[in-house]
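Here's the structure, in C-alpha cells; my notes come after.
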Protein chains: 2
Amino acid sequence: MTDKRPFHHGDLRAALISAAATAIERDGIENLSLRGLAQDIGVARSAPYRHFPTKQDLLDAVAAASRQDCHAAYAAIPSDLPPRVRLKRAGQFYLDYVRAHPNMVELIFADHAAAPGQAASESPLLLFIDMVRDAMPGAEDGEIVRTAMTCWSALHGFSLLALSGRTARAGLVDDTDDAVLDTIFRMVPG
Amino acid sequence: MTDKRPFHHGDLRAALISAAATAIERDGIENLSLRGLAQDIGVARSAPYRHFPTKQDLLDAVAAASRQDCHAAYAAIPSDLPPRVRLKRAGQFYLDYVRAHPNMVELIFADHAAAPGQAASESPLLLFIDMVRDAMPGAEDGEIVRTAMTCWSALHGFSLLALSGRTARAGLVDDTDDAVLDTIFRMVPG
DNA sequence: TCGCAATGTGTGCACCGCTCACATTGCATG
DNA sequence: CATGCAATGTGAGCGGTGCACACATTGCGA
C-alpha cells in the first residue's frame, strides 16, 4: 500500500468500469481503447483481459452499471403524485438524462445482448406501465402495456432525434419540452 | 476494358459506396473495413482514399444514398388517400424499413454530421407534417409541426426498441403493428 | 501532341484488440 | 505457521486497421 505501484491493483475490475464510464462520457464509445484505459489506470495493457475477456464485456458491464444508476433516479419520483404529473416528471427526466449523457444512452441501448435478458426489472417500461395504469383506470392490461410502450417509444425517439439535431428543422427550435410532453401523453386517454 | 484488371477502375467511387452499403447491411457498421472493401473490389488498399479522405466520409456518402432511397419510398404513398390512412401506411412503412434494414437505419441516424445540413428536404418530418396537416385541418402551424414531430419520434423510438428486443418483455409479444400504430396516432386529435 | 491532373500502387507508421508464457502475490489448506 | 496453488499483473508479439506518402499509370484538355 505504501508502495507507489503495488503489484496488485486492489480492485482493477471496478476501476476499469469507472474509468471506462468516464472516458465514454467524454470521448464517445468508439474512442474507447482498452490499452489507453490500462495506461490511465497504470497497469499493463494486458491486465484488463484478466477481468473482461473482451472489450464488449467491459462495455456490457459499464452499460449494466449505468442502467442501474438511471433506474434508481426514475424510482425516486414520488408515487403519490397524480399519475399525469408523474408521467410528465418521468418524461422530463428522460429528456434531461439523454441530453446530459448522450454517450451513455447510446451505450445502454447498443447493448443488444442484455436487452432480452432478465434485466427487465430495470426497464423503463415497467415504470411507465405503473404510471399509465394509474392514469387510465379500468382499461384492459394489453391496452395499458401498449400505451406505456408507445409513450416510452415517443420519449426515446424524440430524445434521440433531438440529440442529433433533427428536430430543429421545421421551426421546432423554440418548442418547449413541456409542449412536446403534453403532445406525447395525448396517447394516454382520459 | 478487355484486360482483366485495367489500371483505372472506371467508377471506383460508386463501386465503393455500393459495396460498402452491401457489406454494412450484411455485417454491420463496425465490421466495415476500408482495406477489405478495396480487396473485394480488387484495387489497392490505399485507392479508396483518393475518393474519400476518411472512412467517415465514405459512411456519410453511403448514408446519404440510403436516405435518398428511403425518401423515394415514402414519397410513393398516394397522396389522395384519407390522411389517417396515409399516416398508417407511412407508419407501417417506417416499421418495416427499420426491421428490414437495421444496420442502414443505424448508419443513417448515426450520421450526426449530415443531420443539421440542408438535407432537411429529405427528412421524414416533412412527410409527416403534410399528413398531419391534412388530418387536423384548422390547427395552428406550431401544433401541427409538434404533432408530426412526436409521431415520427414514436415511430422511430418504437422501431429501435423493438429491434433490440426491448418491447417483448411485458406481454407485448403478440402485439400487432396495427394496434401500436393506432395508439401512436392518438396523438393526432380529431 | 503533349503535359498535367486525376487516379491507382506499394510501403510504412502508429494504434488497436487479443494471446501467451512468465512473474508476483495472497489465500486456503496442511 | 508454512506452503502450494489460483488469482492477478507483466511484457512481448501477432494480425488487422485507418491513414500518409512517394511513385506509377492513365486520360483529357490545351
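Here is how names work: the chains are called A, B, and so on, in the same order as the sequence lines, proteins then strands, and each is numbered from 1.
Atom C1' of nucleotide C/dG17 and atom CD of A/Q39 are separated by 16 Å, given to the nearest angstrom. With rounding to whole Å, A/L12 atom CG is found 16 Å from C/dT25 atom P. Atom CG of B/L37 is separated from atom P of C/dG8 by 14 Å (rounded to the nearest Å). Distance CZ (A/R13) to C1' (D/dG9): 16 Å, rounded to an integer number of Å. The distance from atom CZ of A/R50 to atom P of C/dT19 is 11 Å, rounded to the nearest whole Å. Note: CG (A/L16) to C1' (D/dT8) measures 12 Å, nearest angstrom. In this structure, A/I41 places its CD1 atom 15 Å from P of D/dT8, rounding to the nearest Å.
Every pair tested for ring pair (Phe, Tyr, Trp, His ring centres under 6.0 Å) that includes a residue from residues 15-43 of chain B fails, sequence neighbours excluded, so the list is empty. Residue pairs meeting the ring pair (Phe, Tyr, Trp, His ring centres under 6.0 Å) criterion with at least one partner in residues 17-36 of chain B, sequence neighbours excluded, do not occur; the list is empty. Contacts classified as side-chain hydrogen bond (donor to acceptor under 3.5 Å, both in side chains) and involving residues 71-86 of chain A (residues at least two apart or in different chains) are given here: A/R86-A/D134.
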Each nucleotide of nucleotides 12-17 of chain D classed B (base within 4.0 Å of a protein heavy atom), S (only sugar-phosphate) or -, in 5' to 3' order, makes BB---B
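In this structure A/D141 satisfies the salt bridge (Lys or Arg N to Asp or Glu O under 4.0 Å) test together with A/R133, sequence neighbours excluded. With sequence neighbours excluded, the residues satisfying ring-ring contact (aromatic ring centres under 6.0 Å, His included) with B/Y97 are B/F93, B/H101. Here A/R99 pairs with A/D177 under the salt bridge (Lys or Arg N to Asp or Glu O under 4.0 Å) rule; sequence neighbours left out.
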Please set out all donor-acceptor pairs under 3.5 angstrom arising from side-chain atoms of residues 28-41 of chain B, sequence neighbours excluded.
from: B/N31; atom 1: ND2; to: B/D27; atom 2: O; distance (Å): 3.3
from: B/S33; atom 1: OG; to: B/R35; atom 2: N; distance (Å): 3.3
from: B/S33; atom 1: OG; to: B/G36; atom 2: N; distance (Å): 2.8

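For A/H51, no side-chain nitrogen or oxygen approaches OP1 or OP2 of D/dA7 to under 4.0 Å.
Residues from residues 17-31 of chain B that place a heavy atom under 4.0 Å from any atom of DNA chain C: there are none.
With distances taken from any side-chain atom of A/Y49 to the nucleotides C/dC18, D/dG9, C/dT9, the minimum falls on C/dC18.
With contacts defined as side-chain heavy-atom distances shorter than 4.5 Å, the pair B/W152/B/Y94 qualifies. Contact of the B/K88 side chain with the B/D178 side chain is registered, since non-hydrogen atoms from C-beta on lie closer than 4.5 Å.
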